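Each chain gets a letter, A, B and so on, in the order the sequences are listed, and its residues count up from 1. A quick note: this is a predicted structure, and the numbers were derived from the prediction, not measured.
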Amino acid sequence: MTEPSPIKPDELMQRDVGRLIGQRRRLLKRSDGDISAAVASFEQRIAASADRVQQRLRDRPAVTCDPDLPISARHEDIVEAIRDHQVVIVAGETGSGKSTQLPKMALEAGRGVRGLIGCTQPRRIAARSVARRVAEEMNSPLGEHVGFQVRFNERVSDDSYIKFMTDGIVLAEIHSDRRLNRYDTLIIDEAHERSLNIDFLLGYLKQLLAKRPDLKVIITSATIDTGRFSRFFDDAPVIKVEGRGYPVAVEYQVPDDSEDLARQVQRAVARATRIDARGDILVFLPGEREIFQVSRVLKKSALAHTEVLPLYARLPAASQDAIFSPGRGRRIVLATNVAETSLTVPGIRFVIDSGLARISRYATHSKVLRLPVEPVSQAASNQRAGRCGRVGPGTCIRLFNEAEFDSRPEFTEPEIHRSGLVGVVLEMLALGLGDPADFPFIEPPPARLINEAWNTLGELQAVDAERRLTALGRTLATIPVDARQGRMLIEAEQRGVLTEVLILVAGLSISDPRERPLEHQQAADQAHAEFRVAGSDFLGMLALWRWWQQTRAGQSRNQADKQARARFVSPMRLHEWGQLYAQLREVARETGWQAGNLRPDDEARAEAIHRSLLAGLLAQVGQHVEDGEYSGARGHKFRIFPGSALARARPGWIMAAELVETSRPFARVAAAIQPGWLEQQATHLIRSSVFDPHWDRRGGRVMGYQRVTLFGLTLVEKRQVHYGPHEPREAREMFIRHALVRAEMNHRAAFLKRNEALKRELAVHEHKRRQRDILADEDTLVEFFAGRLPETIFTVKAFARWYESLAADRQQELLYDHATLLRPDAQTSGEEFPDRLIADTESFRLTSG
DNA sequence: AGGGTTTTTT
């Protein structure tokens, strides 16, 4: 009997190990007949995997590290540390060469053979451009030895040793490869940025390292809080690398009383001019508005040979490119935080740091994203200062005093402490990672954020009352969009408007393709009016989409782009919108959904679209209170964003794709809704109460009023309802008292007339029973009818006849009051009282006991 | 009546 050979993991491709172990185990268990053929094929697979390792080992590209880069000074220490430790922290400033050289050093340390060396970057552009550079340095075409993968773009081959990607890609890969077996080494770059992705990834790796002793992890960071990373990974060694920066002198310019930001910048510019009148200046400001204000003041002061350029992420691409094409004179770049991490402005000699930034903070109680302007941390300020030491010695002028700097927090609060965590918690559930409160985050998020995430998942019906993932939740986790938006898609599929909502969800995920340049705001607004639909910004988005599809169909790419630009719409973002739509449509197809075609507008369709969107936005609705002010969840107040098609109309009820608090709380991208939709779709969230029960003599039943609320918003103020189904016991008591005892019932039937006889008959009965010669008083009668007086049996023919005389639907309506009367112990729900009870009226008996 | 930091995804 041939036994399958044992598995030697070290000699096999890591991605094959798990599968081969499983196959071997199955082979050993098999006792049926001849397994030699199966063993042979198993041996073949082992051999193939081992051959692959040998081949990769042989073909390993030679690497040389650039000796001019500061990191090369620690070359040997790093290679050695990688060999000796499972986790290594490399700390170094920009320009040290760590992003490009570390993967090569890992290769030199023998990594990259049994699996890829995976290198993550926070941004797609960086992943691609670093990959290109390293491929060049290794004299290998991009995609061969060195590949990359970002959303919409992948160039990795089976022969790749190094793969650059965004950290989001690794997170997505975990779903299909829980142990990340395709990698034998992971380099997490820019870990100091502490994005949600990075913190989640670090926590995941922390757990994975024990299960994958062969996996090596390298964490790289600016020299910010490296001790924390080291402690987190069980005192992993930290290797510090020099940056290639020049010294930066820091000056503090204390603001005068009543000197606004623009004047402070103006004064700092004057100071820089005195030091070097030709050195380019980068000014860090908190937002677009400040950029505009400062720009106006600087332009007014007509500085010689000076160009003032704005720079922020939403700026049209053409204007952004101006940063990279050097002008003739001096340049002053007025920038937001894009220039701190995402974009490098070349040739900067001075940095002027306002010390301010807009920081996003998620307000859990109101579900509003706040963007307050706040003082930045010391680390962020130092990062900003570093931006002027790239080409020569620089000077940083801080618009606050040194004591204030010292009093500021050392590090920026990590995103996981400030963001909504729905996506993170959903992901953890889908991956079976247990209670998020127990997950090893490097700095665990506050409980209130985790709780809010649970609530939102409940609101979306992604988890049940026991916090288990529902089927819907499982689907949500597979759609690569925000959970609220995923919920919209699921609803849209059921309502037959998937194509439209796919377009909208894609559109909501990208940045608004409509551009509004500072100097052409009115013209832009006018052009955009073409895509305005009264009552719904979403239908407006669809109008823009349709316009673009038609425009593109009829002409060349160039001509279409030109048409878009003429309407102040960015062709690049339209393109991205199309890509995203195509990707989501593909995911939808794989999920087994029918997308169908974009259909012409009609009212029913518009309602189906809006109701689908609403499924994801139940907590982001508002009711108009007065004067354009809306009241939202839990009493939170907001207004409609002025750019919305709804801003003037102010419909009574709206839903908003985003609630953002900037200068004040705004609802952005909104549509009018009907409160009735909420009552139908938010059944799991609405609270309803009934009050003021009263006897309805004409109707012959107990009525009451209902109030319906959602997150404290009143959907229905006072609606008359049949009281019975809500409070059966109380209704029954009232029915007895009014209908039977007092006979307060308007009906032609004989019941009322006979009621006196009924009372008498009862009284006689009572008399016999109690041996007392009195008529029963009202309370005794109630007790009797309620069945609380035992041993009393009475046939109520009159009652039965009256009932018979009613129309069938009337009988049905009265079912609650009357049937509970007949069965005092019966509970609330209608279906507990079969129709038979009504059909058998002749034999109705009031019984007790 | 009046306007937003940044990034990412089987």
Side-chain angles (χ1 to χ4, degrees), chain A residues 120-127 149-152 154 165-177 190 193-198 200-201 284-292 311-315 335-343 356-361 369-374 376 380 412 415 418-419 423-424 426-427 430-431 475 477-483 485-486 505-506 509-512 514 516 518 521-522 524-525 580 583-584 586-591 627-629 639-644 646-650 658-669:
Chain A
T120 73
Q121 285 288 329
R123 281 162 290 278
R124 303 204 295 238
I125 298 182
Q149 182 183 357
V150 296
R151 190 178 209 178
F152 307 135
E154 178 179 3
M165 65 204 133
T166 48
D167 31 39
I169 293 284
V170 187
L171 287 178
E173 284 176 343
I174 292 174
H175 285 276
S176 60
D177 181 8
E190 315 279 10
E193 287 190 16
R194 301 291 309 278
S195 64
L196 274 185
N197 279 355
I198 286 172
F200 187 25
L201 195 50
F284 282 101
L285 295 166
E288 229 173 288
R289 189 204 306 206
E290 291 82 358
I291 288 175
F292 181 63
L311 178 63
Y312 47 89
R314 271 188 45 81
L315 193 70
T336 60
N337 256 356
V338 259
E340 192 180 304
T341 46
S342 308
L343 272 175
L356 300 171
R358 280 195 188 272
I359 308 272
S360 73
R361 295 188 178 278
L369 182 72
R370 301 180 51 239
L371 284 170
V373 173
E374 292 183 11
V376 301
T412 307
E415 210 180 332
R418 317 182 319 243
S419 311
V424 174
L426 179 63
E427 191 92 324
L431 292 172
T475 309
T478 64
I479 312 174
V481 292
D482 167 278
Q485 296 173 358
V505 163
S509 305
I510 57 159
S511 48
D512 192 344
R514 292 172 303 176
R516 204 161 176 270
L518 289 171
Q521 295 192 343
Q522 263 192 325
D525 289 348
L580 188 52
Q583 190 197 24
L584 293 180
E586 182 55 25
V587 172
R589 202 185 55 77
E590 283 163 16
T591 312
D627 237 14
E629 186 162 79
R639 306 182 76 83
I640 299 176
F641 193 71
S644 163
L646 277 66
R648 281 158 180 265
R650 297 175 179 176
E658 284 173 82
L659 292 177
V660 187
E661 181 180 330
T662 50
S663 54
R664 59 198 302 180
F666 286 110
R668 253 197 96 252
V669 191

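- One finds a side-chain N or O of A:Arg124 lying less than 4.0 angstrom from the OP1 or OP2 phosphate oxygen of B:dT9.
- Among the nucleotides B:dG2, B:dT6, B:dT9, the one closest to the side chain of A:Thr166 is B:dT9.
- Within the nucleic acid shown, A:Arg123 comes within 4.0 Å of sugar-phosphate atoms alone, with no base atom in reach, counting heavy atoms only.
- With sequence neighbours excluded, the residues that form a side chain to side chain donor-acceptor pair (under 3.5 Å) with A:Glu193 are A:Arg123.
- Residue A:Ala357 is classed as having no contact, given no heavy-atom separation below 4.0 Å to the nucleic acid.
- In this structure, A:Ile479 reaches neither bases nor backbone, as no heavy-atom distance under 4.0 Å exists between it and the strands shown.
- Applying the 4.0 Å criterion to OP1 and OP2 of B:dT7, one finds that A:Ser342 has a side-chain N or O inside that range.
- Counting any heavy atom pair closer than 4.0 Å across all strands shown, A:Arg664 reaches sugar-phosphate atoms only and no base atom.
- Scanning atom types as modelled, no donor and acceptor separated by under 3.5 angstrom connect the side chain of A:Arg639 and the base of B:dG2.
- When the P atom of B:dT8 is taken as reference, atom CZ of A:Arg151 falls 10 Å away, rounded to whole Å.
- Distances shown here put every side-chain N or O of A:Thr341 at or beyond 4.0 Å from the OP1 or OP2 atom of B:dT6.
- Taking side-chain N and O atoms only, A:Thr336 has a distance below 4.0 Å to OP1 or OP2 of B:dT6.
- Within the nucleic acid shown, A:Val660 has no heavy atom closer than 4.0 Å to any nucleic acid atom.
- Remark: A:Ser342 pairs with no residue by the side chain to side chain donor-acceptor pair (under 3.5 Å) rule, at least two apart or across chains.
- A:Asp512 places a side-chain N or O within donor-acceptor distance of the main-chain N or O of A:Arg514, the cut-off being under 3.5 Å.
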